[in-house]
Undergrad: 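Structure provided below as structure tokens; questions to follow.
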Amino acid sequence: MAYVITQACCNDASCIPVCPVNCIHPTPDEAPFMRTEMLHIDPEACIDCGACVEECPVEAIVAEDELTEEEEPYRELNADYFRVHPFDGAPPDFESPGPVEDLADLRVAIVGSGPSAFFAAMALDDLRGPVVQMYERLYTPFGLVRYGVAPDHQTTKAVTRQFASLHRSKTFTLNLGVEVGKHVSHEELLAHNHAVVYAVGASSDRRMEIAGEDLPGSHAATEFVGWYNGHPDHTHHTFDLSGTRAVIVGNGNVALDVARILLSDPEHLHTDSDIADHALEALRNSRIKEVVVVGRRGIAQAGYTNPEMIALCNLPDVDVIFDPSEVRTDDVVQHVLDDEETESSVDFKVRFAQEHAGTGTGRSKRLVMRFLASPMRIHGEGRVESVEIALNRLEVDDDGSVSATATGATDVIDTGLVFRSVGYRGVAVPGVPFDERRGVIANEHGRVIDPETREQLRGVYTTGWIKRGPSGAIGTNKKCADDVVKSLVEDFLAETLDSPASSQEDLDETIASRQPDRLDFEDWTRLDRAEREAGGSRGRPRIKFIDAGTMLDVVRSGRQALDI
Ligand SMILES: Cc1cc2nc3c(=O)[nH]c(=O)nc-3n(C[C@H](O)[C@H](O)[C@H](O)COP(=O)(O)OP(=O)(O)OC[C@H]3O[C@@H](n4cnc5c(N)ncnc54)[C@H](O)[C@@H]3O)c2cc1C
Ligand code: SF4
Ligand code: SF4
């Protein structure tokens, strides 16, 4: 019997070091790691020791004889990886930790508190010495794990448990409600630290740049995601769910998350998710029966990952519709599958779509996957009434890449609700060089640079989505953060970083004068506990606090109880 990695895998690679036979791949030092949709266990090599199960923060590893019917596709998905990347039986090759240097003087500020920020803080904490201050603009930590990851993916959200270990660290401080650029400037942070690491994520979105995009009824998926997850910046939005069809432009995982939330049974969302109360109420009154997901290119280029599609196909009462003519293996698809660079996940994706192609089984709701279609304009008198799409065909270019070309044919999809899900985009932090074209902080391997001269800005680093752009799972940020911390420590030991000009106490005083309501890790544990207790009393995993006033009240009464 072997073990199998399933849906919740977030690529954090915690399982790899404990595997005695090195049969979990790709490892962070293997080329496919940064683009893999999940990790895989080789069923032929696994010796069934179970060591990896304990290490997995999201309970993604399951014994193959305990796979549920819904999890069955993962058996094939795991095995497939090793057909393209055969297991070579090589023993694990872990980097041995270098000699322990004296890092006790090193002071680092980390901006943001999403996965990349916490992975960077944990890497620094492992070095035992560096003093780390983390600054987060919201009153709650964990970035997109709290406000992006879908509310019905509770096991994925459990990844934050490993970050809680920093609560006990004497050299780590979490500052919540402190926005860099508002309560403290980049220059002030840099003057008080050897290094500043920007891990601010990608909070904005890309536009479609088509006519009608700003009509009422046309929204960014980022707004809907923030709204259903209770993000304070997005709770004011309203979405008209009175029509029967919604259209989502783009077919990445965010698009599929939005589709799943729109089509899920609200009673399931009540018991198995921490969806915001206002969203749950709106979804209970929703009349949406069909969601059409529109992708510019073909099935082999689809942006979603297999686990996301498997989750959708497991929704009760929802037919997932693939048009057989759009997902067949034509010459272009065959060209992609024959390419030795093509990952096994693409092969699986094509096969899975072909196996599910058809007109559905008459369930009450439908997800319609449309390929080879680009939005041209959104029509409507005063609000969205339809989306016009151009139909495409695929061509193999001279360099072997595949591109979409309009055939000249068009189609119109009637709908009152359109979401664009064509990519997240970073937002500039005042004083920090920004690459407008890519929507990321200008950097070379995480060292922030002046985009004109390409010279490194001493002591300034970046990691996560604001460094690489909006791609990769939660755990992908771990390797990214580890690499940046390695560079930072190298620079510190090479004595190329400026020493702090004054004490942390001075900086704390300055920040307190501008933001008297700063919260810390202990305050967050109070909020966390209160949210869970509120959820428990209503049969839910948690009920999120939405507005800052309530959060501050809960924290104050918690502090008063302890007479702080
Ligand atoms: C809708 C959605 C669903 C996803 N689902 C999954 C999933 O199921 N599984 C999975 O593995 N991955 C998932 N991901 C990917 C995962 O969330 C990202 O890989 C990860 O969150 C990126 O981490 P980050 O730290 O770079 O950015 P973020 O998580 O965005 O964190 C950035 C933090 O910086 C803070 N910040 C921004 N500006 C400032 C400032 N000026 N001062 C102080 N703080 C600031 C923000 O408030 C935020 O808390 C999903 C992503 C999205 C968008
Ligand atoms: S069960 Fe043991 S051998 Fe199998 S993948 Fe996990 S750690 Fe490796
Ligand atoms: S979440 Fe991490 S520990 Fe769990 S299977 Fe995926 S990579 Fe391994």
Side-chain angles (χ1 to χ4, degrees), residues 1-16 18-24 37-43 45-61 63 110-120 134-138 140-150 153 155-157 159 175-184 186 198-203 221-222 224-226 229 231 233 252-255 257-258 305 307-308 311 421 424 426-427 429-430 432 462-468 470-478 480-481:
M1 186 190 74
Y3 280 78
V4 176
I5 298 183
T6 63
Q7 189 268 325
C9 176
C10 70
N11 301 15
D12 81 329
S14 301
C15 49
I16 290 176
V18 299
C19 179
V21 293
N22 190 25
C23 72
I24 308 176
E37 52 183 44
M38 57 181 280
L39 267 60
H40 315 83
I41 292 176
D42 186 342
C46 173
I47 57 166
D48 185 22
C49 72
C52 52
V53 178
E54 292 296 305
E55 292 302 313
C56 180
V58 296
E59 297 171 19
I61 306 177
I110 299 178
V111 186
S113 71
S116 60
F118 267 98
F119 285 130
M134 182 180 284
Y135 298 94
E136 164 60 50
R137 63 181 279 265
L138 302 174
T140 52
F142 309 139
L144 283 171
V145 180
R146 180 175 166 98
Y147 291 124
V149 171
H153 281 173
T155 44
T156 304
K157 287 179 189 270
V159 72
N175 300 274
L176 296 169
V178 179
E179 180 169 344
V180 174
K182 181 177 173 189
H183 302 113
V184 59
H186 164 67
Y198 284 92
V200 292
S203 56
T222 47
F224 191 65
V225 168
N229 270 317
H231 190 298
D233 292 354
N253 275 359
V254 176
D257 271 353
V258 169
T305 60
E308 278 288 325
S421 182
Y424 277 55
V427 175
V429 178
V432 183
T462 182
T463 182
W465 275 21
I466 194 63
K467 171 200 163 195
R468 312 187 307 273
S471 70
I474 293 164
T476 317
N477 301 296
K478 184 168 190 290
C480 183

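In each ligand, atom 1 is the first atom listed, and ligand 1 is the first ligand listed.
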Undergrad: Hey, which atoms in ligand 2 end up nearer than 4.0 Å to a heavy atom of Val21?
TA: 3 (S)
Undergrad: Can you name the closest pair of heavy atoms from Pro20 and Ile47 and give their distance?
TA: CG-CD1, 3.9 Å
Undergrad: Is there a side-chain contact between Val145 and Pro115 in this structure, where contact means two heavy atoms from C-beta onward sitting under 4.5 Å apart?
TA: yes
Undergrad: Hey, is the main chain of Arg146 close enough, under 3.5 Å, to the side chain of Lys157 for a donor-acceptor pair?
TA: yes
Undergrad: Are the side chain of Ser116 and the backbone of Ala481 linked by a donor-acceptor contact shorter than 3.5 Å?
TA: no
Undergrad: Under 4.0 Å from any heavy atom of Gly50, which atoms of ligand 2 are there?
TA: 1 (S), 2 (Fe)
Undergrad: Answer side chain, backbone, both or neither: which part of Ile61 comes under 4.0 Å from ligand 2, heavy atoms only.
TA: neither
Undergrad: Strictly by modelled atom types, are Thr305 and Glu37 linked by a side-chain donor-acceptor pair under 3.5 Å?
TA: no
Undergrad: Closer than 3.5 angstrom, by distance alone: can the side chain of His183 be matched with the main-chain N or O of Glu179 as a donor-acceptor pair?
TA: yes
Undergrad: Heavy-atom distance under 4.5 Å between the side chains of Val4 and Ile61, does that happen here?
TA: no
Undergrad: Give the atoms of ligand 2, by number and element, whose distance to some non-hydrogen atom of Cys52 is under 4.0 Å.
TA: 1 (S), 5 (S), 6 (Fe), 7 (S)
Undergrad: Which heavy atom of Leu39 sits nearest a heavy atom of Ala13, and at what distance?
TA: CD2-CA, 4.2 Å
Undergrad: Distance to 0.1 Å, residue and atom name: give those for the protein heavy atom nearest to atom 4 (Fe) of ligand 2.
TA: Cys46 SG, 2.3 Å
Undergrad: Looking only at protein heavy atoms, identify the closest one to atom 2 (Fe) of ligand 2 and say how far it is in Å.
TA: Cys49 SG, 2.3 Å
Undergrad: Of the non-hydrogen atoms in Thr140 and Ser113, which two are nearest, and what is the gap between them?
TA: O-OG, 4.2 Å
Undergrad: Look at the aromatic rings of Trp465 and Tyr424 and report parallel, tilted or perpendicular, splitting at 30° and 60°.
TA: perpendicular
Undergrad: What are the protein N/O/S atoms, named by residue and atom, that sit under 2.8 Å from atom 2 (Fe) of ligand 3?
TA: Asp12 OD1
Undergrad: What residue and atom, counting heavy atoms only, is the protein's closest point to atom 3 (S) of ligand 2, and at what distance?
TA: Ile47 N, 3.4 Å
Undergrad: Is it the case that the side chain of Asp12 and the backbone of Gly475 share a donor-acceptor pair, with hydrogens and angles ignored and the cut-off at 3.5 Å?
TA: no
Undergrad: In the protein, which heavy atom is nearest to atom 8 (Fe) of ligand 2, and how far is it?
TA: Cys19 SG, 2.4 Å
Undergrad: Hey, does the side chain of Asn477 reach the backbone of Ile474 with a donor-acceptor pair shorter than 3.5 angstrom?
TA: yes
Undergrad: Can you list the ligand 3 atoms lying under 4.0 Å from a non-hydrogen atom of Ile5?
TA: 5 (S)
Undergrad: In a check of side-chain contact (heavy atoms from CB on, under 4.5 Å) between Cys52 and each of Cys15, Cys46, Ser14, which one passes?
TA: Cys15
Undergrad: Between Cys23 and ligand 2, which part of the residue brings a heavy atom under 4.0 Å of the ligand: side chain, backbone, both or neither?
TA: side chain
Undergrad: Mind checking what residues have non-hydrogen atoms under 4.0 angstrom from ligand 1?
TA: Cys10, Val111, Gly112, Ser113, Gly114, Pro115, Ser116, Tyr135, Glu136, Arg137, Leu138, Gly143, Leu144, Gly148, Val149, His153, Thr156, Val178, Glu179, Val180, Ala199, Val200, Gly201, Val225, Val254, Asp257, Tyr424, Gly464, Trp465, Gly472, Ala473, Ile474, Asn477
Undergrad: Please work out, at 4.0 Å between heavy atoms, whether the side chain, the backbone, both, or neither of Ile41 comes within that distance of ligand 2.
TA: side chain
Undergrad: Can you see whether His186 engages Tyr198 through a side-chain donor-acceptor pair at a distance of less than 3.5 angstrom?
TA: yes
Undergrad: On a heavy-atom basis, which atom in Ala8 and which in Thr155 lie closest, and how many Å separate them?
TA: CB-OG1, 3.6 Å
